[in-house]
Amino acid sequence: MSQMITEQLNVPFEPDTDAESTRESAQKTFDEQRKRLKKAIDVLKKRKLRGSERQQAESDEIDPIRRIVSDARSAWLGALKRTVPSEELSLGKHLNATSDELRDAMKSALDSATIKQRETVDLYAAFGCDACMSDNGQMQATPFCFTTGSGHQYFLDTARQLSSCVSHERVQTALFSRGQLTDEKLSLRWDPLEDRRYAVMWSDPTASDNKAKTNWALNLLAYRGLQLMPSVPGPCGRLTTTGWTADGDLWTWPVWTLPLSEAVVRSLLRYPSISQPEANVEILYSLGIAAMFQSRRIQVGTPPLHKINFGPARQVG
């Protein structure tokens, strides 16, 4: 079983050396041009221009740099696409694509999807929806996105790197043992043990002999599980994701007693009674659900220097 899952995950993935070098160079160029744009915008703000004078200055000085940044981003994404084990990871480092980028990626994945091979399009559906955009024009990301750049960790970039680090042996150990936390970094921060605030730690979390540990294989397996957690437009254009409350604060999930197919699990996770487990215990039992658990999404610190974690799970049904 572990060998079959390893092959499905396409790990460990080793990108072409030349392609990886091109990706790194393109990413460096994009990052440099993005910094240049930010600096130019800051300089323009300090000049405190108003009305038509500001519009003209922005057209002459900022718009050309914006076009350069757009071209650099396109070149980087093109290079990235040639170095990833799965197409959805070519969306960028983070879930901050524009509506056009997300829509084009979804269409491409949909064209190549079949009934039995739909992993990529399902992951795109989990990431977000091109109809739900933030005020800055970027996609609203799934509330499962906990790594947003703090500590130089990004959601998609972490998943990409995990694909190169996970091996068959790691998958086998994760599936058939207690999955010890022996790895450092490269975490999606979905384990409540990664909440390392002083108040919940026995010893100093910043001490050199007390580094945060995780399990790479479990993180990658959990990432692929997002295929079962699609996101759709909710009230007022706000993204709504399977199992989450409307405010993206609480996630609820079932534990079942019998082996279920993927299709049945999809249906079960979206069953209406899941959102109100305390009021529907008899219905849940009739579906083969033994218990319902809930965890809170916790933000520590102020963006962009903040951490996001799950709190400890509690049984709610």
Side-chain angles (χ1 to χ4, degrees), residues 23-24 27-28 30-35 37-39 41-42 69 73 76-77 80 84 88-98 101-102 123 126-128 132-165 181 183-201 203-216 218-220 222-223 226 229 231 239 241 244 247-251 295-312:
R23 180 198 66 80
E24 291 177 352
Q27 181 176 319
K28 182 179 179 181
F30 170 59
D31 290 340
E32 290 173 346
Q33 294 301 327
R34 190 170 53 174
K35 290 179 181 178
L37 175 61
K38 183 179 183 303
K39 184 177 179 180
I41 292 175
D42 290 341
V69 170
R73 178 174 173 82
W76 165 55
L77 291 178
L80 177 63
V84 294
E88 84 283 350
L89 295 176
S90 65
L91 195 60
K93 291 174 63 176
H94 182 42
L95 294 181
N96 60 352
T98 65
E101 289 174 342
L102 181 59
L123 282 168
F127 293 167
C132 299
M133 293 290 116
S134 301
D135 292 339
N136 60 5
Q138 297 176 352
M139 61 183 286
Q140 293 180 26
T142 169
F144 282 111
C145 180
F146 285 10
T147 49
T148 59
S150 178
H152 301 288
Q153 292 190 350
Y154 297 87
F155 185 77
L156 295 177
D157 195 53
T158 296
R160 178 184 67 83
Q161 293 181 67
L162 284 170
S163 297
S164 297
C165 296
L181 307 182
D183 304 315
E184 294 183 8
K185 303 179 180 180
L186 296 184
S187 167
L188 297 173
R189 302 190 65 82
W190 290 341
D191 188 340
L193 291 177
E194 294 184 68
D195 180 6
R196 292 171 58 81
R197 290 172 291 175
Y198 277 90
V200 296
M201 295 290 291
S203 57
D204 183 357
T206 64
S208 58
D209 60 346
N210 189 22
K211 294 184 180 296
K213 299 289 185 180
T214 187
N215 185 297
W216 291 341
L218 290 178
N219 273 271
L220 186 58
Y223 164 77
L226 286 180
M229 308 291 178
S231 300
L239 191 72
T241 301
W244 287 87
D247 58 4
D249 189 39
L250 294 169
W251 181 51
S295 185
R296 183 177 298 276
R297 191 177 192 261
I298 301 171
Q299 178 177 303
V300 181
T302 304
L305 301 177
H306 66 294
K307 301 290 186 182
I308 301 176
N309 294 93
F310 271 127

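The first residue in the sequence is number 1, and the count goes up from there. Note that these values count all heavy atoms, side chains included, but never hydrogens, waters or copies made by symmetry.
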When you look at Asp157 and Gln161, which way does the side-chain contact (heavy atoms from CB on, under 4.5 Å) test go after all the steps?
CA-CA 6 Å; Asp157 195 53; Gln161 293 181 67; 2.9 Å; yes
Dump the intermediate steps for side-chain contact (heavy atoms from CB on, under 4.5 Å) on Lys307 and Ile298, then the final yes or no.
CA-CA 8 Å; Lys307 301 290 186 182; Ile298 301 171; over 6 Å; no
List the steps and the verdict of side-chain contact (heavy atoms from CB on, under 4.5 Å) for Leu77 and Ser90.
CA-CA 6 Å; Leu77 291 178; Ser90 65; over 6 Å; no
Pair Thr214, Asn219 - check side-chain hydrogen bond (donor to acceptor under 3.5 Å, both in side chains), show working.
CA-CA 8 Å; Thr214 187; Asn219 273 271; 2.8 Å; yes
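The shortest heavy-atom contact between Phe155 and Cys145 is CB-SG, 3.7 Å. Closest of all the heavy-atom pairs between Arg23 and Trp76 is O-CD1, 4.0 Å. Contact record, Phe30 with Arg73: CE1-CB, 3.4 Å, taken as the closest heavy-atom pair. When all heavy atoms are compared, the tightest approach of Leu156 to Gly92 is CB-O, 3.3 Å. Taking every heavy atom of both residues into account, Ser187 and Gln153 meet most closely at O-OE1, 3.8 Å. For the pair His306 and Pro303, the tightest heavy-atom approach, listed with the atom from each and the gap, is ND1-CA, 3.3 Å.
In summary, Arg197 and Asp195 engage in a salt bridge, as defined by a charged side-chain N under 4.0 Å from a carboxylate O. Taking a cutoff of 4.0 Å between a charged side-chain nitrogen and a carboxylate oxygen, Glu194 and Lys213 do not qualify as a salt bridge. Residues Lys28 and Asp31 are not paired through a salt bridge, judged by the lack of any N-O separation under 4.0 Å between the basic side chain and the carboxylate.
A distance of 8.0 Å separates CH2 in Trp216 from CG in Leu162, rounded to the nearest 0.5 Å. Note that OG1 of Thr98 is 10.5 Å distant from CG of Asn136, once rounded to the nearest 0.5 Å.
For an aromatic pair to be called close, the ring centres must be under 6.0 Å apart, and Phe146 with Phe310 satisfies this.
Between Trp244 and Trp251, the angle of the ring planes stays under 30°, which puts this pair in the parallel group of the 30/60° scheme.
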